[in-house]
There are 2 protein chains.
Amino acid sequence: MSHTLGIRQAQKQKTRQAFLDAALALLEEQSLSSLGLREVTRAVGVAPTAFYRHFRSTADLGVALVDEALGSLHPMVRTTVSTTGDSEERITRAIELISHHVDAYPAHVRFIARERHGGVQPVREAIREQLARFAQEVQTELAKDPEAEGWSEDDVLMLAHLYVDQMLITASLFLEALEAPEDERERVTQLATRQLRLITIGRNHWLD
Amino acid sequence: MSHTLGIRQAQKQKTRQAFLDAALALLEEQSLSSLGLREVTRAVGVAPTAFYRHFRSTADLGVALVDEALGSLHPMVRTTVSTTGDSEERITRAIELISHHVDAYPAHVRFIARERHGGVQPVREAIREQLARFAQEVQTELAKDPEAEGWSEDDVLMLAHLYVDQMLITASLFLEALEAPEDERERVTQLATRQLRLITIGRNHWLD
DNA sequence: TCATCCAGTTAACAACTGTTCTCCGGAATT
DNA sequence: AATTCCGGAGAACAGTTGTTAACTGGATGA
């Protein structure tokens with residue numbers, strides 16, 4: 001299925017990825033709106049003008065980073081919401097998944113949390129779209145559940161947004177606790193678990 | 001009780017406030033980490049070096065903005081959570097209050113949402129502290145409620161954090177809908193109301 | 001009244017920014 | 001084999017940045 005790229009295109013994608021990686025690293029200590037084009041090229045080790053061969057602007061680069069950070073996450077979210085089992089098990093699994101994802105891609109998570117309300121409009125818009133897609137996907141998965149019987153479509157979407165926002169809050173908490181001792185990370189796990197549990201209880205009694 | 005300031009100190013506070021106002025206006029389209037010192041002084045109409053008479057750095061200015069944006073909000077939160085009445089009434093009143101606050105101080109709200117996970121560590125820390133104070137205050141108010149009987153202290157704090165985060169999410173939604181037509185604002189109100197309602201239901205059945 | 005204080009000014013510094021235009025050399029195409 | 005393509009380099013542009021030092025002049029306090 002995979003198409004073998006020419007030497008040229010392969011090399012281009014390689015340096016493009018180098019731009020994304022370097023930018024992500026630089027963004028650990030600043031926001032996108034203060035990220036300089038020359039700063040990135042310096043980190044990559046290329047001439048400033050090379051930047052324009054890949055992106056129109058740093059805002060454009062930011063949008064590409066949004067796709068990299070969230071684009072590949074959709075199947076993961078779908079399967080997590082729809083996995084079978086006790087609701088308590090599902091909560092535990094979801095939070096473990098978030099925790100592991102933060103461990104594996106901390107810079108990606110930080111970038112999304114930072115730029116979701118950040119100073120660059122096109123990037124905010126791109127994140128908003130991706131999160132709306134998540135909510136929509138969670139909605140369709142929730143709708144399949146027998147639990148959703150009697151729910152209006154709107155209410156399912158409302159709940160889906162609540163879950164997505166809670167997912168982000170939890171990820172951000174794990175991020176802050178990344179270099180903290182184990183018991184702090186455990187505290188976050190407990191907090192997030194109980195919050196998700198409370199939401200689930202609210203869900204179970206919604207139709208009362 | 002109020003001490004009359006000398007001409008000198010009064011003038012100083014006046015230009016200091018001008019710095020805060022100008023910065024807040026400039027921050028509508030960028031993040032604090034890209035806000036330049038000269039940019040602010042230019043907007044105020046004063047020499048660049050005058051900045052140092054009031055702040056060590058733009059990060060320092062940011063921390064002052066956090067106090068301005070959140071410092072005076074504590075009594076409001078306390079009374080809102082503890083107001084008597086039907087829980088449905090309380091939800092409606094809380095969301096109205098958020099909506100009006102966003103209308104009255106959109107730049108403040110935008111600043112907090114943007115810099116909560118922003119690129120300037122001292123500012124993040126200042127916001128984190130203020131939000132922790134909010135959560136603590138909500139906790140003590142919730143603990144007074146007869147509803148909280150049988151709840152562990154930890155669980156009340158967990159719920160308080162959930163409320164505070166939900167407050168911020170709602171504020172941010174109203175902010176995005178600020179210049180949108182009335183029906184979009186109404187949609188946000190409906191969404192936030194039902195989310196808060198679901199959380200309240202979860203709260204009512206927590207001890208089952 | 002006179003000396004002190006201090007918010008704001010002026011001038012200058014080296015270092016940095018985004019962007020344009022021109023060029024190079026190896027890959028791709030014919 | 002000859003030609004086109006194109007990712008990257010180089011140099012130069014006018015503007016911008018944070019920070020320093022030494023200053024001015026009106027408010028302050030003795």
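Every value quoted in this text rests on a predicted model; they were computed, and no experiment measured them.
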>> I need the minimum non-hydrogen distance between B/V109 and B/A171, along with the two atoms involved.
In response: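 Scanning both residues, the minimum pair turns out to be CG1-CB, 4.0 Å.
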>> So which atom in A/W151 and which in B/L198 form the shortest heavy-atom distance, rounded to 0.1 Å?
In response: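 Shortest heavy-atom separation between A/W151 and B/L198 comes out as CH2-CD1, 4.2 Å.
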>> Both A/H54 and B/R8 contact DNA chain D. Taking the nearest nucleotide for each, which residue is further toward the 5' end?
In response: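 By nearest-heavy-atom nucleotide position, the 5'-most residue is A/H54.
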> Tell me, for nucleotides 11-18 of chain C in 5' to 3' order, what letter each nucleotide earns: B for a base near a protein heavy atom under 4.0 Å, S for only sugar-phosphate near one, - for neither?
Replying inline: BB----SB
> When you look at A/R90 and A/D145, which way does the salt bridge (charged side-chain N to carboxylate O under 4.0 Å, His left out) test go after all the steps?
Replying inline: CA-CA 13 Å; A/R90 290 205 280 187; A/D145 198 295; 3.3 Å; yes
Write down the distance between [atom1] ([X]) and [atom2] ([N]), rounded to a whole number of angstrom.
X	N	atom1	atom2	result
A/Q9	D/dG8	CD	P	12 Å
B/D60	D/dG18	CG	P	15 Å
B/Q11	C/dG8	CD	C1'	10 Å
B/F51	D/dT19	CZ	P	9 Å
A/I7	D/dC6	CD1	C1'	15 Å
B/Q30	D/dT17	CD	P	10 Å
A/Q17	D/dG7	CD	P	17 Å
A/K14	C/dA27	NZ	P	14 Å

> Where each residue is assigned the nucleotide of DNA chain C containing its nearest heavy atom, which of B/K12 and B/P48 is assigned the position nearer the 5′ end?
Replying inline: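 Here B/K12 is the residue nearer the 5' end.
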> Is the closest side-chain donor-acceptor distance between B/H74 and B/Q130 under 3.5 Å?
Replying inline: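 Per modelled atom types, B/H74 and B/Q130 side chains form a pair under 3.5 Å.
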>> Students often mix this up, so state it plainly: with edges at 30° and 60°, are the rings of B/F51 and B/F19 parallel, tilted or perpendicular?
In response: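 B/F51 and B/F19: perpendicular rings.
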> Stepwise, does the side chain to side chain contact (heavy atoms under 4.5 Å, CB included) test hold for A/T140 with A/R78?
Replying inline: CA-CA 9 Å; A/T140 68; A/R78 290 191 89 96; 3.6 Å; yes
>> Let's go through B/H161 and B/V138 carefully: what are the C-alpha distance in whole Å and the side-chain angles of both, what is the deciding distance for side chain to side chain contact (heavy atoms under 4.5 Å, CB included) to 0.1 Å, and is it a yes or a no?
In response: CA-CA 8 Å; B/H161 269 113; B/V138 171; over 6 Å; no
> So does A/R53 reach the base of D/dC6 with its side chain, donor to acceptor, closer than 3.5 Å?
Replying inline: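 Donor-acceptor pair under 3.5 Å: no.
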> With a 4.0 Å cut-off on heavy atoms, is A/S57 in touch with a base, just the backbone sugar-phosphate, or nothing at all?
Replying inline: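 It contacts nothing in the nucleic acid.
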